[in-house]
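A short write-up of the structure that comes next.
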Amino acid sequence: MDNCVFCKIIDGSIPSNKVYEDDKMLAFHDIAPEAPVHVVMIPKAHITSVDALNAENIDYIAHIFSKAGEIAKSVGLENGYRIVTNCGADGGQTVFHIHFHLMGGKKLGKMV
Ligand code: 5GP
Ligand code: ZN
């Protein structure tokens with residue numbers, strides 16, 4: 001998808017600090033971390049947000065969650081973590097390619 005920063009990270013035209021990659025997903029460190037460890041997990045399909053999920057594309061999301069625990073351990077989140085997804089303007093979404101924030105590295109408060 002043109003002009004999508006996460007599609008550009010997937011195709012390599014924007015560099016990222018990757019922590020996990022396979023044929024269906026990519027995980028990389030957030031450029032502006034809001035926790036000591038802050039990884040972004042994205043599908044290798046341009047799905048805009050939770051609003052755009054359906055029976056055809058939900059397997060991408062199931063796959064991300066099937067790998068999340070393994071990715072968390074690989075970045076040292078042995079003591080727990082939080083996974084967040086923002087949807088739409090009121091949800092605080094700024095990149096309209098669905099993604100899951102994997103955050104930890106300290107005892108998180110109610111929000112972060
Ligand atoms: P949102 O606000 O949409 O839930 O989350 C978007 C996230 O993507 C933000 O935490 C932001 O810091 C991160 N982000 C935006 N552009 C880039 C980039 O070019 N590289 C990386 N690594 N993270 C990015
Ligand atoms: Zn995209």
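Quantities reported herein were computed from a predicted structural model and do not represent experimental measurements.
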Roughly how far, to the nearest 0.5 Å, is the [atom2] atom of [Y] from the [atom1] atom of [X]?
| X | Y | atom1 | atom2 | result |
| --- | --- | --- | --- | --- |
| M41 | I61 | CE | CD1 | 9.5 Å |
| I31 | I9 | CD1 | CD1 | 7.5 Å |
| I58 | H63 | CD1 | NE2 | 13.5 Å |
| I14 | C4 | CD1 | SG | 8.5 Å |
| C7 | F96 | SG | CZ | 14.0 Å |
| K67 | S74 | NZ | OG | 11.0 Å |

Report yes if some heavy atom in the side chain of [X] is under 4.5 Å from a heavy atom in the side chain of [Y]; otherwise report no.
| X | Y | result |
| --- | --- | --- |
| Q93 | T48 | no |
| I98 | F100 | yes |
| D23 | K44 | no |
| I71 | M25 | yes |
| V40 | L102 | no |
| H101 | N86 | yes |

With a cut-off of 6.0 Å (strictly less than), are more than 12 heavy atoms of other residues, nucleotides or ligands near [atom1] of [X]?
| X | atom1 | value |
| --- | --- | --- |
| N79 | CG | no |
| Y60 | OH | no |
| N54 | CG | yes |

Between [X] and [Y] (judged by ring centroids, cut-off 6.0 Å), do the two rings come close enough to count as a pair?
| X | Y | result |
| --- | --- | --- |
| H97 | H99 | no |
| H29 | H38 | no |
| F6 | F28 | yes |

Taking side chain to side chain contact (heavy atoms under 4.5 Å, CB included) as the test, write out the residues that go with [X], two or more places apart.
| X | answer |
| --- | --- |
| E78 | K73 |
| S13 | K8, D11 |
| V37 | V39, V75, L77 |

Shortest non-hydrogen separation from [X] to [Y] and the atoms involved:
| X | Y | answer |
| --- | --- | --- |
| I64 | P43 | CD1-N, 3.6 Å |
| A68 | I83 | CB-CD1, 3.9 Å |
| G104 | A35 | O-CB, 3.8 Å |

*Path from I10 to Y20 over hydrophobic side-chain contacts below 4.5 Å*: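 They do not share one cluster, since no chain of ILVMFWY contacts under 4.5 Å joins I10 to Y20.
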